[in-house]
Amino acid sequence: MLDSRKDEASRSVIIRAHSPQTVSFNSLRAHGHINRAIFYQGVKNNLLVEFEHKDSVRHLLEQVSYFSDPGQMPVQSRLLYAVHSSNVYQQHSLPPAFIHTVGTKNFTQQQYQAADSISAQMKGLHKMRSLSDDGSRLRYFMCTLIEDMLRTTLPHCRVDPFGSSSNGFGWEGSDLDMMLTLMHKKQQNPQANFWFLTKRHAEDERTFAQQCLDVVGDMIRVLMPSSHRVSKILNARVPIVKFHHDITDIECDLSCVNVSGAKMSELMFLMGEMDSRVRLLMTTIKQWAKSCEVTRSHPGPWPSNFMLLSLLIFFLQTRSVPVIPSIRHLQALAEPEDHFQVDGVDYAFVTDVQKLTPSKNNQKPEELLLEFFHYYAHFDFEMNGLSLIEAATFPKPDSAAVFIENPLEVDHNISKNVSSSCADKLKDSMLQALRCLETKSVPNRDEPWGLMCLFQPPVEKDTELTWLDKTCEDNGWNHKTSPIIWRELIDRGGKGVLVGGASDFQEYVKGYYGLESHLTSYDMRLIAEENYKTKLETDVQKAAIKALSQPIHICFTAASTVYSLISLVASGQVFGPNTEICIHLYDDKADLSMTEGLKMEIEDLCYGIVRDIKISMNIEEAFKDCSIIILTDELPKQEDEQFKEWVERNAQHFTRYAAAINKVARKNVRVLLAGSGPINFNTFIMIQNAPTIPRQNFVASSRLVENQAKSVLAERLKTNTAGVVDLIVWGNINGNHFIDASKDCTVFYATIDSVDHQTRVHGYDGAIWGPPSYSVSAVEMVHDNKWLDKEYLEMLHQRKQVLEVAIKHETCSQPSQSHCHSWYGVPEGLVFSYPVVLSPSGYWTVVQDIELTEEGKEKLQEAIKDLQKEKEVIYPPPRVPTSPEEPTTQESAEEVAVVNEDATINEDVTINENSTKIEETHEALQMPTRTEKLEGGAEIEDTEKSGLI
């Protein structure tokens, strides 16, 4: 549909004319066959003419002239002006059969009155208000108009509509959201002899989008005819260029490469296609929200139409018989071509509506509308958030008035902008709507009913006095000129009746409560304003207290061995001094005396943010509802234990953890692995066996190795350890961490030979001094390649052993990021330590432009072999059969290995029963659930850190 609409738009022109009769039909027909014409009113009258072929448009534009005014910018576009001519050839106007008139239509009171049910009223309203075919053509024409302008310098760009203009929920007169894609088609040809020289801009997508839109905004303002009020809103969450186009009379928002917005439009279109009642309900709810001023036409702290649509979808998902399924269900039906990425995260949902089973819910639209208002009029927005992915509520993670998880950006709240007062107004308005529909649902030819009552606008300020006069007259009250109506509060014991103006109110209070006052209306207004200000301040205080009332649940395994780490978290240095935490201590030892002592010591220290401390020997009980889990288990290799047996023991241990996390932990849980075992491999096992947790939420630890390497280097240079920066650790941390070209296994490689990313030293007492920001190359200051290549790495290995003897236990690392994507030639799936850049908000990206030396590349390959050796203990590669009788699958090969005791493969590759179960739980879902960003966080000292990726 998108491509066909764009094709129609590219074969069209818009002509400004006083009326269709002033446009010469013969002049247009001379250039080609005309399919249709649409007459509409923007700021002035205009005619959209669609030709059968694009060549007709080209021929027409070749004959068009320019205005002679020197102040006019002589640009060529498909926006034309009809010049009146006395030429006989041009006198014939367009035939009426060609012309369609576009304009906003309203469902009249007579039509509401004549309907036989509220459902019929809803259908009539939807038919009248929804975006028409001709209105859609104008929006696609607007997209191609911008394309024409930009393609003079960006020949492969594309501008597509999204949002309400393409998801089926748009109205006539609604805004047009557009997405600019700079390179729509892949134009790279590796065999080409020449490439275009291009201008390089920012590395990150957001900055690049801001720079592009900055230029495009200027082009629209200067070059596009009929564009006005152009404003560049580049610091918004999604940067946009906003402008109004007079000829099409459309308010336009242009963004750059907004994949989330485009895919959300596809998802909402799919929701509307599943059941016709969805769009009927949304049209009614939008009209209701507009009439009672719940929503506004401009941004602010009030609900948006997209928020209302999200509320509606969640409501329909959670019926006893769902009208539409959860997004998780849509993801399960997705085909490989349905997968896509947003900010590096994998998502998917089925796009073929034919694959979905129709809903068995047979409720009428009016019944669902009534239930919708009832559901949210009594919904606890203060405590619960809404997840459209799972079609379930969850404890609200922050103090936002309303929290609706964005299904395509799970760490973003759709309703973040909504204030507490606007959220209260939303609930109050829904309660009033519910009462209205309950009392006015029966058709009545004599008085308003159904949607007529629902859409009655609120009383305007300039009519308050008239309304007060009538109300007081009906009740026999006397009052002064005050337009105030005082209402007894039902929740304070009142009857909920109107009691007139200020004087009558005081009389009423004296008789009812025994209180007497002689305040004037003016004084009472001042008191009311002061009370309102106090209430707002109180609401802020309550919100702050409430934020503390939902502590972060953090679990430590092997709790008795991580006292210093627990103290660091409990003191507020990690998540901030205002974020309360609940600590779970898990230990599977029979003697919990040390863990009990640790609990008592933390309690005695009276940390203000520690809400509770729990000790558990049950793994599921310990992990339940946790947002952070820190695994510090150490499974040291026994003297008589084979390497294969040690790896299998680690796999079984961490598979058990992963299964429990997958079952009971929060779906946005962050998991940190530390210790002296094969943590790369253990992280890989956790990712494979916790399929509902996003894999980027598993974090391994490599900081200790990095800090030890810095310490040895600083000792050699006689400088402070903190002055050594940008040292990079690669590969498998807790293996044989010794670099030697003659060795088979390489654990890490400290890269200090890169021109742009070499290790540098601040504060070095050398021949050249500079300010604190000045640094020198560590390689140049050491000036001993033999020491760097061999002795340096031997000292690192010895340092770890000496340290463990001195402190009587194995060392534990500090956190660093973990993932298993493929960079620098590392096979995808391996958990590998890469150089990363961390932002203050906690996000990380891999530094991908480091040029490694040939020696460095060889050492990386050795590290890869080391990791693959661990992985192949549990996941052996498939064998290639040497004969037709030989088994071809991995499972058959394993069976032969078990049976044939004399075969060599039996000694090296045999998979025991537990490790086979590990492989059976290998598959992982593609679509993550909610990713919650916690408040606070430790400071980031260096710009670049090493981490297991």
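Quick caveat, the model's predicted, so the values are computed rather than measured.
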field: Leu131 and Ser136, any side-chain heavy atoms less than 4.5 Å apart
entry: yes
task: For side-chain contact (heavy atoms from CB on, under 4.5 Å), just list the numbers for Cys252 and Met142, CA-CA rounded to whole Å, side-chain angles, deciding distance to a tenth of an Å, and then say yes or no.
output: CA-CA 9 Å; Cys252 303; Met142 190 69 232; 4.0 Å; yes
- prompt: Would Arg5 and Glu8 pass as an ion pair if we require N to O under 4.0 Å?
  reply: yes
- prompt: Would a distance-only check, ignoring hydrogens and angles, find a side-chain to backbone donor-acceptor pair under 3.5 Å from Lys427 to Phe379?
  reply: yes
field: With sequence neighbours excluded, residues passing side-chain hydrogen bond (donor to acceptor under 3.5 Å, both in side chains) with Ser421
entry: Ser419
task: Report yes if some heavy atom in the side chain of His244 is under 4.5 Å from a heavy atom in the side chain of Asp249; otherwise report no.
output: yes
Partner residues of Arg296 under the salt bridge (Lys or Arg N to Asp or Glu O under 4.0 Å) criterion, sequence neighbours left out: none
message: Name the residue from Asn167, Val259, Asp177 that meets the side chain to side chain contact (heavy atoms under 4.5 Å, CB included) definition with Phe162.
response: Asp177
- request: State which residues pass side-chain contact (heavy atoms from CB on, under 4.5 Å) with Lys364; sequence neighbours excluded, sorted by chain then number.
  value: Ser119, Glu366, Glu367
field: Asp175 backbone acceptor or donor facing Glu251 side chain under 3.5 Å
entry: no
- request: Return the set of residues passing ring pair (Phe, Tyr, Trp, His ring centres under 6.0 Å) with Trp449 (not counting sequence neighbours), or none when no residue passes.
  value: none
field: Which residues share a salt bridge (Lys or Arg N to Asp or Glu O under 4.0 Å) with Lys242, sequence neighbours left out
entry: Asp253
field: Which atom of Gly261 lies closest to which atom of Asn258, heavy atoms considered
entry: N-OD1, 2.9 Å
- prompt: With no hydrogens and no angle check, do the side chains of Thr144 and Arg78 hold a donor and an acceptor under 3.5 Å apart?
  reply: yes
statement: For Asn361, the side-chain hydrogen bond (donor to acceptor under 3.5 Å, both in side chains) test, sequence neighbours excluded, returns Arg277, Gln363
message: I'd like to know whether Ser441 forms a side-chain contact (heavy atoms from CB on, under 4.5 Å) with Ile118, so could you lay out the CA-CA distance, the side-chain angles of the two residues, the decisive distance to 0.1 Å, and finally the verdict.
response: CA-CA 7 Å; Ser441 60; Ile118 294 179; 3.9 Å; yes
task: Apply salt bridge (Lys or Arg N to Asp or Glu O under 4.0 Å) to Lys127 and list each qualifying residue two or more places apart in sequence or on a separate chain.
output: none
query: Is Arg129 close enough and on-axis enough to Phe169, meaning under 6.0 Å and within 45°, for cation-pi?
result: no
field: Side-chain donor or acceptor of Lys425 paired with backbone N/O of Glu293 under 3.5 Å
entry: yes
query: Judged by atom type as modelled, is there a donor-acceptor pair below 3.5 Å linking the side chain of Gln121 to the main-chain atoms of Leu451?
result: yes
Met224 and His245: CA distance, side-chain angles, deciding distance, side-chain contact (heavy atoms from CB on, under 4.5 Å) verdict: CA-CA 9 Å; Met224 178 171 284; His245 196 254; 4.1 Å; yes
task: List in chain and number order the residues that pass side-chain hydrogen bond (donor to acceptor under 3.5 Å, both in side chains) with His228, two or more places apart in sequence or in another chain; answer none if no residue qualifies.
output: Asp246
message: Has Lys232 got a side-chain atom pairing as donor or acceptor with Val216's backbone, closer than 3.5 angstrom?
response: no
Any Leu437 side-chain heavy atom under 4.5 Å of Leu369 side chain: yes
task: For residues Leu80 and Leu61, determine if any side-chain heavy atom of one lies less than 4.5 Å from a side-chain heavy atom of the other.
output: yes
Side-chain donor-acceptor contacts of residues 303-318 below 3.5 Å, not counting sequence neighbours, with atom names and distances?
residue : atom : partner : partner atom : Å
Ser304  : OG   : Met307  : N            : 3.2
Ser310  : OG   : Phe306  : O            : 2.9
Gln317  : NE2  : Pro325  : O            : 3.2
Gln317  : NE2  : Leu388  : O            : 3.2
Thr318  : OG1  : Phe314  : O            : 2.9
Thr318  : OG1  : Phe315  : O            : 3.1

message: Looking at every heavy atom in both Leu125 and Thr284, which two are closest together, and how far apart are they?
response: CD2-CA, 4.0 Å
query: Any sub-3.5 Å donor-acceptor pair from Asn46's side-chain atoms to Ile247's backbone N or O?
result: yes
- request: May I ask you to decide if Ile220's main-chain N or O and Ser227's side chain share a donor-acceptor pair within less than 3.5 Å?
  value: yes
Shortest non-hydrogen contact from Gly135 toward Ser132: N-OG, 3.0 Å
task: Please confirm whether the backbone N or O of Ile404 pairs with a side-chain atom of Asn413, one donor and one acceptor, at under 3.5 Å?
output: yes
Side-chain (Arg11) to main-chain (Phe51) donor-acceptor, under 3.5 angstrom: yes
Beyond-backbone contact of Leu356 with Leu330, side-chain heavy atoms, under 4.5 angstrom: yes
- prompt: Ser359 side chain to Pro322 main-chain N or O, any donor-acceptor pair under 3.5 Å?
  reply: yes
- prompt: Parallel, tilted or perpendicular: which describes the rings of Phe372 and Tyr376, with under 30° parallel and over 60° perpendicular?
  reply: perpendicular
query: Among all residues two or more places apart in sequence or in another chain, which pass the side-chain hydrogen bond (donor to acceptor under 3.5 Å, both in side chains) test with Asp338?
result: Thr351
message: Run Gln331 and Tyr347 through side-chain contact (heavy atoms from CB on, under 4.5 Å) and show every step you take.
response: CA-CA 8 Å; Gln331 181 269 333; Tyr347 294 91; over 6 Å; no
- prompt: Among pairs that include at least one residue of residues 257-268, which meet salt bridge (charged side-chain N to carboxylate O under 4.0 Å, His left out), considering only residues two or more places apart or in two chains?
  reply: Lys263-Glu266
query: Taking the side chain as C-beta and beyond, is there a heavy-atom pair between Leu426 and Trp302 under 4.5 Å?
result: no
- prompt: Arg435 versus Phe373: any side-chain heavy-atom pair under 4.5 Å?
  reply: no
field: Carboxylate-amine/guanidinium contact Arg158 Asp3, below 4.0 Å
entry: yes
message: If you define the side chain from C-beta out and look only at heavy atoms, does anything of Leu454 sit under 4.5 Å from Gln287?
response: no
- prompt: Among all residues two or more places apart in sequence or in another chain, which pass the salt bridge (Lys or Arg N to Asp or Glu O under 4.0 Å) test with Glu337?
  reply: none
